[in-house]
Peer 1: 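Below is a structure I'd like to ask you about.
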Amino acid sequence: MERGQARPTAHDSPKQGRLFVAQVGMAATVSVEPAGPCCWDEPVRIAVRGLAPEQPVTLRASLRDEKGALFRAHARYCADAGGQLDLARAPALGGSFAGLEPMGLLWALQPDRPFWRLTKRDVQTPLAVELEVLDGHAPEPGQLLARALLERRFLPPGVRRQPVRAGRVRATLFLPPGPGPFPGIVDMFGVGGGLLEYRASLLAGKGFAVMALAYYNYDDLPKSMDTLHLEYFEEAVNYLISRPEVKGPGIGLLGHSKGGELGLTMTSFLKGITAAVIINGSIVNVGGTLHYKDVTLPPIGANRSRIKMTKEGFADIVDALNSPLEGPDQKSLIPVERSECTFLFLVGQDDHNWKSEFYANEASKRLQAQGKAKPQIICYPEAGHYIEPPYFPLCRASLHALVGGPVFWGGEPRAHAVAQVDAWKQLQTFFHKHLGGES
Ligand SMILES: CCCCCC/C=C\CCCCCCCC(=O)SCCNC(=O)CCNC(=O)[C@H](O)C(C)(C)COP(=O)(O)OP(=O)(O)OC[C@H]1O[C@@H](n2cnc3c(N)ncnc32)[C@H](O)[C@@H]1OP(=O)(O)O
């Protein structure tokens, strides 16, 4: 074995993560706590031992997603006088981020593919993040000193995954360990459709029975969202309430983007929803026609000439939709004032998909004008449209299925990462409070 070449000596110990130690003169080791596999939304403590006093090093993280795209991040550090480096105490001196960012190597990961977003389709397999410690700083860091592999899971310990094909409903239900009953939540994503399960599976690890609900572009559901029938969503709500593992009388609703907009439509027309968290949703019907019994909400008009280009060359669609407060576009307004449930709106103030802050404030005004309680609105400065569970890296631009090309989602990486950690805590607290789970 050549000097400097990593010799993997994988081992597990109660105090340290799985380590692959490269021995080069003095052996440096990376430790990750808690040890062993961890859920994607959990923070870890990364430390390096066995370095020379004040030794400059570069830490690199990489992962490959299920479609083979490589995501990478790196940061420069200096060991302390004792030859140790603890990412919870040492600021990064530059690289993909700077400053004290113990989880920076995860949230700063960026894809080698343009317009690619980190997502997880199969929650039953983990993502493997490789950490490397290299001697020296950029431009080209030196030899590999140590290596560790982080296994980041999406199915928390004991959480059961049950595919749902009941009547017309196509979904996946995640149940926490134990007999329950648990507070129930319907979880919906936005344009693009399909069935994304990772938020529901992670949230089930916090004591909720969460049903990730597909509504188009999945299984035998319609291929497009041109026409949606609220009766489908009503069937889904009733199905979840009917499950013996779900604590009644009402359930919760979690929706992002078009999923948040649909969530508002559901709370406006359907019974059985006690609490709703709307992440960057809208109060107007967008992108297709919505039917419920004898009510029809047409899609709001848009004007492509209002699409601008950002300095980086991305399409910025934030001004493309018409105002829902004027003329015939008012017919697309969701009658949120009819809702009887409690709301939490989570808003990225740099959302460039649409005007989430305006929509949340407008919903608040309309609810209060009908004598309803003022909803909680939490605004996150410099957070963009794609507010995900903690440590998903910010995707600044990717394909927008409605626009037919990549669009700018907004957000500054660090502020967006902070927002994701807080939003995740806030929504759990909110659901526990209003659905009667543990606090
Ligand atoms: C009508 C006139 C309009 C005029 C202008 C409009 C202006 C304003 C309109 C604003 C309207 C906003 C309303 C909507 C707001 C939102 O909802 S924003 C989006 C939020 N998105 C989500 O919540 C995620 C939803 N789900 C998905 O994205 C999909 O389920 C999925 C991509 C995860 C899987 O879908 P599936 O169909 O199975 O995927 P594929 O067949 O593999 O790929 C489909 C295309 O997506 C691309 N793609 C796949 N994975 C990724 C990825 N990780 N990152 C980036 N892109 C990805 C893939 O390349 C495919 O694209 P092509 O067909 O190759 O071009």
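For ligands, and for the atoms within them, numbers begin at 1 and follow the listed sequence.
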Peer 1: Mark whether atom 63 (O) of ligand 1 lies under 4.0 angstrom from at least one protein heavy atom.
Peer 2: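 No, there is none.
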
Peer 1: Do the charged groups of Asp220 and Arg170 touch, with an N to O distance under 4.0 Å?
Peer 2: yes

Peer 1: Quick test: of every protein heavy atom, which one is nearest to atom 1 (C) of ligand 1, and how far off is it to 0.1 Å?
Peer 2: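 Of every protein heavy atom, Leu402 O, 4.5 Å lies nearest to atom 1 (C) of ligand 1.
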
Peer 1: Does the protein put any heavy atom within less than 4.0 Å of atom 54 (N) of ligand 1?
Peer 2: yes

Peer 1: Under 4.0 Å from atom 41 (O) of ligand 1, is there at least one protein heavy atom?
Peer 2: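 Under the 4.0 Å cut-off, atom 41 (O) of ligand 1 has no protein heavy-atom neighbours at all.
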
Peer 1: Out of curiosity, is His400 lining ligand 1, as in a heavy atom under 4.0 Å away?
Peer 2: yes

Peer 1: Would you say Leu195 and ligand 1 have an N/O pair spaced under 3.5 Å apart?
Peer 2: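 For ligand 1, there is no N or O atom that lies under 3.5 Å from one belonging to Leu195.
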
Peer 1: Does Arg113 come within less than 4.0 Å of ligand 1, judged by its heavy atoms?
Peer 2: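 The answer is no: ligand 1 sits nowhere under 4.0 Å from a heavy atom of Arg113.
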
Peer 1: Looking at Ile273 and Thr267, what are the two nearest heavy atoms and their distance?
Peer 2: CG2-CG2, 3.9 Å

Peer 1: Using the ring centroid of each side chain, check whether Phe233 and Tyr215 are separated by less than 6.0 Å.
Peer 2: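 Centroid distance Phe233-Tyr215: below 6.0 Å, so yes.
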
Peer 1: Taking 4.0 Å as the limit for heavy-atom contacts, which would you say applies to Arg121 with ligand 1: side chain only, backbone only, both, or neither?
Peer 2: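 The answer is the side chain of Arg121.
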
Peer 1: Going by a strict under-4.0 Å cutoff (protein heavy atoms only), does atom 30 (O) of ligand 1 have a neighbour on the protein?
Peer 2: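 Answer yes: something from the protein, a heavy atom, is under 4.0 Å.
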
Peer 1: Any protein heavy-atom neighbour for atom 12 (C) of ligand 1 (distance below 4.0 angstrom)?
Peer 2: yes

Peer 1: Quick one: are the ring centres of Phe345 and Phe343 less than 6.0 Å apart?
Peer 2: yes

Peer 1: When you check the gap from the basic side-chain N to the acidic O, do Arg60 and Glu132 get nearer than 4.0 Å?
Peer 2: yes

Peer 1: Would you say the ring centers of Phe208 and Phe174 fall short of 6.0 Å from each other?
Peer 2: no

Peer 1: Is there a nitrogen or oxygen of Ser398 sitting under 3.5 Å from a nitrogen or oxygen of ligand 1?
Peer 2: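 So ligand 1 has no N or O lying under 3.5 Å from an N or O of Ser398.
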
Peer 1: Looking at His352, His256, His385, His416, which one forms a ring-ring contact (aromatic ring centres under 6.0 Å, His included) with Trp409?
Peer 2: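 In the set His352, His256, His385, His416, the residue that makes a ring-ring contact (aromatic ring centres under 6.0 Å, His included) with Trp409 is His385.
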
Peer 1: Of the choices Arg199, Met188, Glu66, Arg117, which has the non-hydrogen atom that lies closest to atom 28 (O) of ligand 1?
Peer 2: Arg117

Peer 1: Can you tell me which portion of Asp65 lies within the under-4.0 Å heavy-atom range of ligand 1? Options are side chain, backbone, both, or neither.
Peer 2: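 No part of Asp65 is near ligand 1 at this cut-off.
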
Peer 1: Strictly by modelled atom types, are Ser364 and Gln368 linked by a side-chain donor-acceptor pair under 3.5 Å?
Peer 2: yes

Peer 1: With a cutoff of 4.0 Å, is Tyr386 in contact with ligand 1, counting heavy atoms of the residue only?
Peer 2: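 Contact present.
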
Peer 1: Can a protein heavy atom be found under 4.0 Å away from atom 44 (C) of ligand 1?
Peer 2: no

Peer 1: Supply the atom-to-atom distance Lys120 NZ to Tyr198 OH, rounded to the nearest 0.5 angstrom.
Peer 2: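 Separation between the atoms: 11.5 Å.
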
Peer 1: Answer side chain, backbone, both or neither: which part of Thr119 comes under 4.0 Å from ligand 1, heavy atoms only.
Peer 2: side chain

Peer 1: What about Gly193: any of its N or O atoms under 3.5 Å from an N or O on ligand 1?
Peer 2: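 The answer is yes, given that Gly193 and ligand 1 share an N or O pair closer than 3.5 Å.
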
Peer 1: Give the minimum heavy-atom separation between Pro181 and Val246, together with the two atoms involved.
Peer 2: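 So the two residues come closest at CB-C, 3.8 Å.
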
Peer 1: Considering both backbone and side-chain atoms of Ser257, is one of its nitrogen or oxygen atoms within less than 3.5 Å of a nitrogen or oxygen in ligand 1?
Peer 2: yes

Peer 1: Classify the contact between Phe115 and ligand 1 as side chain, backbone, both or neither, using a heavy-atom distance cut-off of under 4.0 Å.
Peer 2: backbone

Peer 1: Does only the side chain of Asn217 get under 4.0 Å from ligand 1, or the backbone, or both, or neither? Count heavy atoms.
Peer 2: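 Within the 4.0 Å criterion, Asn217 contacts ligand 1 through side-chain atoms alone.
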
Peer 1: May I ask you to check if ligand 1 and Ala320 share an N or O to N or O distance below 3.5 Å?
Peer 2: no

Peer 1: Is Glu412 paired with Arg414 through a side-chain N to carboxylate O contact shorter than 4.0 Å?
Peer 2: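 Salt bridge between Arg414 and Glu412, a charged N being under 4.0 Å from a carboxylate O: no.
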
Peer 1: In terms of residue, atom name and distance, what is the protein heavy atom nearest to atom 3 (C) of ligand 1?
Peer 2: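 Going by distance alone, atom 3 (C) of ligand 1 is nearest to Arg304 NH2, 4.0 Å.
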
Peer 1: Closer than 4.0 angstrom, basic N to acidic O: yes or no for Glu66 and Arg121?
Peer 2: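 Between Arg121 and Glu66 there is no salt bridge, as every charged N stays at least 4.0 Å from the carboxylate O atoms.
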
Peer 1: Taking the six-membered ring for Trp, are Trp107 and Phe97 closer than 6.0 Å centroid to centroid?
Peer 2: yes

Peer 1: For Trp409, which part has a heavy atom under 4.0 Å from ligand 1: side chain, backbone, both, or neither?
Peer 2: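 For Trp409, only side-chain atoms sit under 4.0 Å from ligand 1.
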
